[in-house]
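Right, one structure below, let's go through it.
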Amino acid sequence: MASAPFQNPRGTRDQLPEDLLLIHHLERVAHEVASAAGYEEVRTPFFEETRLFMRSLGDTSDVVEKEMFTVPRRQADDAPELSAAEALANSYTFRPEGTASCARAYVQAGCAANAPAQKWYYLGPMFRYERPQKGRERQFTQFGIEAFGSQSPLVDAEVIAVALRFFQRLGFGPELEVRVNSMGDPADRAAWSSALREFFAPQFEGVSERCADCQARFERNIFRLLDCKVPRCVELNQGAPDLFAVMGEEGREHHQRMCEALQQLQATVTEDRSIVRGLDYYSRTVFEIHYPPLGARSALCGGGRYDGLVEEMGGRHTPAMGFSIGFTPTELALAELQLPVAEDLEDLRQARKAQIYVVAMTAEDRLPAMSLAAQLREQGWRVLSDLRERSGKAQLKEAAKLDVPITLILGPDEREKDHVKLRDMGAKEEQDLAQEKLVEHLRAFFGGA
RNA sequence: GUGGAUGUAGCUCAGUUGGUUAGAGCACCAGAUUGUGAUUCUGGGGGUCGCGGGUUCAAGUCCCGUUAUCCACCCCA
């Protein structure tokens, strides 16, 4: 087999300097929006024990069943052979989402017992072994927040408000729409599950009209019958019992109060019974944020309440609520909306742009030019000098192309007098300066940098 | 995991019914009265035609496999 060219792994992408301008903007807005509401950043490992995700997301979730990036742990040479199940339980998996790790860290740090009220956010790469397509990658970035320790519907409203704020800050318009639903409490779901089982049972007797996936779901995770997209299955779902019909008073009131709190938002809030997040840990509130002008691809954010997860992780019962936002769909949406506008990125652009370019006219000037550049960097300026040993003309050309405002020209004439020629690229004016006056002049130009 | 489309220079693409040394624009590099940014002009570097195999006197062009990308499904951020 001859050499195939090297390529980035499927579903990943390189983020080159040009791409990072936008990414940095998204990251900045995420940091700002989260800390403005009192959330503090946490960073957990990129991989965890596989069983963490199996436990938190649920064995029957698609993520666990077919989308995990799992690597075996090393075994001692003389260790006994492991069964497939043991090997899996003993493996590591690259995190497919952020909530499980946060809950694990929360318990491990002792928060559940000692400091239950925590407001955290995270921002970083997640991994899912999926077939890539538009808006979906195997390595992608998620921004999420998690509010631990309060049962109050006020938390639900705040978390949703933070997510909204993120999109508003990025320039999304007032068409932003929050779609909410409730999954109820465990007891509600048990009651609902029985009701659904009773309702659907006849459909699975004998030769079923249901799709193959649904046949499996009926046994494994009956709720997921409800979000099947096969047309015949959708028809057969008509008239299925509604969770709200069996939901207890507390859950109902929680939902009611949250919706009232959401009235304060600068966005439309609608009830959407079809939102049934695919992960097991959700309870009560689940929500999505959509931007309808984007059409089919309008979902930007998903989240909800997970009151049982901390306990599941071995901590004391702690209610919690969070969201996650994928940068990939957000980037696509922004591109479609022709956002962000240039001004939003201007400061980032400026911050990475060189301020000074030191031009060396002859070979003898190169070392002095380098050391002048080094001195100026020590003063805090962003300074370039030519590393390709090109002509003075080519250096000026490059400085102009990079839009560097000041060039310092160093040649035999200047060196002889211990001078340097300062050229204002915008005004196209230059002046001879004694080197000891240089910093002063530059300070004046850049406004006391 | 299933189905469909695509893959020629860093980028956007040409490339006739298979026929000699595979092209253009942009980008990059150098030069145009001996130390200076635009435009223009001249010249230059850069391609195992995704990879592997097959058919043929001859393959970028036809066939098979493979890989990657894009699109749809599943699901999701």
Side-chain angles (χ1 to χ4, degrees), chain A residues 1-13 16 18 26 57 60-67 95-99 123-144 163 166 211-214 216-217 224 227-231 233 275-279 288-290 296-303 323-333 357 359-365 388-415 421-430:
Chain A
M1 179 129 169
S3 57
F6 286 111
Q7 278 183 315
N8 60 311
R10 182 170 213 192
T12 67
R13 64 177 148 152
L16 301 179
E18 197 188 347
L26 295 183
L57 308 181
T60 61
S61 64
D62 274 38
V63 171
V64 167
E65 279 190 335
K66 49 185 201 190
E67 298 174 359
R95 61 183 188 190
E97 55 103 57
T99 299
L123 176 54
M126 306 292 164
F127 308 83
R128 291 187 197 177
Y129 203 106
E130 297 184 86
R131 184 93 168 246
Q133 70 176 256
K134 198 178 185 72
R136 212 170 62 184
E137 301 169 289
R138 288 184 172 181
Q139 179 181 329
F140 54 98
T141 300
Q142 272 189 353
F143 159 50
F166 175 76
C211 70
D213 284 339
C214 281
R217 287 169 182 147
R224 297 193 50 213
D227 53 26
C228 184
K229 303 294 189 299
V230 176
C233 294
I275 299 177
V276 184
R277 312 245 94 230
L279 312 177
E288 292 176 356
I289 292 179
H290 288 251
R297 191 156 233 86
S298 70
L300 297 169
C301 166
F323 70 68
S324 69
I325 291 171
F327 274 18
T328 317
T330 304
E331 286 166 59
L332 284 174
Y357 193 116
V359 173
M361 292 312 301
T362 70
E364 287 67 40
D365 302 312
R388 284 184 287 179
E389 311 212 14
R390 302 200 293 166
S391 70
K393 178 175 180 163
Q395 294 173 55
L396 262 302
K397 216 171 183 173
E398 180 172 39
K401 197 186 82 184
L402 298 175
D403 197 26
V404 180
I406 293 288
T407 51
L408 300 176
I409 300 169
L410 207 52
D413 299 350
E414 288 79 15
R415 265 191 298 120
K421 197 170 276 176
L422 183 153
R423 180 172 175 85
D424 179 331
M425 298 295 278
K428 303 191 179 203
E429 288 166 1
E430 50 189 47

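Side-chain atoms are counted along with the backbone in the values below, which use heavy atoms only and exclude waters and symmetry mates. This is a predicted model, so every value here is computed, not measured. A note on names: the letters A, B, ... follow the listed sequences, proteins ahead of strands, and every chain is numbered from 1.
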With sugar-phosphate meaning primed atoms plus P, OP1 and OP2, does [X] contact a base, only sugar-phosphate, or nothing at under 4.0 Å between heavy atoms?
X	value
A:K401	sugar-phosphate
A:G303	nothing
A:E398	nothing
A:R423	base

Got a donor-acceptor pair under 3.5 Å from the side chain of A:E130 to the base of B:A77?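 Per atom types, the contact qualifies.
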Any donor-acceptor pair under 3.5 Å between the side chain of A:E430 and the base of B:U36?
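Side chain to base: pair found, below 3.5 Å.
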Report the base-pairing partner of B:C11 (Watson-Crick or G-U wobble, both distances below 3.5 angstrom), or none.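 Partner of B:C11: B:G25.
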In whole Å, I'd like the distance from the [atom1] atom of [X] to the [atom2] atom of [N].
X	N	atom1	atom2	answer
A:L408	B:G35	CG	C1'	16 Å
A:Q133	B:U6	CD	C1'	16 Å
A:E18	B:G10	CD	P	17 Å
A:K66	B:U2	NZ	P	12 Å
A:Q395	B:U36	CD	C1'	10 Å
A:Y129	B:C75	OH	C1'	17 Å
A:R138	B:U67	CZ	P	12 Å
A:M361	B:U36	CE	C1'	6 Å

Which nucleotide sits closest to the side chain of [X]: [options]?
X	options	answer
A:Q142	B:G35, B:G37, B:A77	B:A77
A:R224	B:A68, B:C75, B:C71	B:C75
A:K397	B:A77, B:G35, B:A38	B:A38
A:R390	B:A77, B:G37, B:C29	B:C29
A:E67	B:C75, B:C70, B:G37	B:C75
A:I409	B:G35, B:G37, B:C76	B:G35
A:S324	B:A77, B:G31, B:U69	B:A77
A:K393	B:A32, B:C75, B:A77	B:A32
A:Q7	B:C28, B:C73, B:A68	B:A68
A:R131	B:C28, B:A68, B:U2	B:U2

Using atom [atom1] in both nucleotides, what's the gap between [N] and [M] to the nearest angstrom?
N	M	atom1	answer
B:U6	B:C49	C1'	15 Å
B:A59	B:G52	C1'	15 Å
B:U39	B:U12	P	24 Å
B:U17	B:U56	P	23 Å
B:G4	B:G43	P	50 Å
B:G46	B:G10	P	12 Å
B:G18	B:C74	P	42 Å
B:G3	B:U20	C1'	42 Å

[X] side chain vs [Y] backbone, donor-acceptor pair below 3.5 Å:
X	Y	answer
A:E414	A:G411	yes
A:R128	A:V63	no
A:R95	A:P125	yes

- Thinking salt bridges, do A:R415 and A:E364 make one under a 4.0 Å N-O criterion?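 Here A:R415 does not pair with A:E364 in a salt bridge, since their nearest N and O are not under 4.0 Å apart.
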query: Taking atom CD of A:Q142 and atom CG of A:L123, what is their separation to the nearest 0.5 Å?
result: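 Taking CD in A:Q142 and CG in A:L123, the distance rounds to 10.0 Å.
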Open item on the list: As an exercise, state the distance from CZ of A:F323 to OG1 of A:T99, rounded to the nearest 0.5 Å.
Closed with: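 With rounding to 0.5 Å, CZ (A:F323) is 10.5 Å from OG1 (A:T99).
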| message | For B:A77, is there a stacking contact with A:F327, counting only centres under 5.5 Å and planes under 30°? | response |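 The base of B:A77 is not stacked with A:F327 (the test needs centres under 5.5 Å and planes under 30°).
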Provide the closest heavy-atom pair for A:S298 versus A:H290 in the form atom of the first, atom of the second, distance.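 In this case the closest contact between A:S298 and A:H290 is OG-ND1, 2.8 Å.
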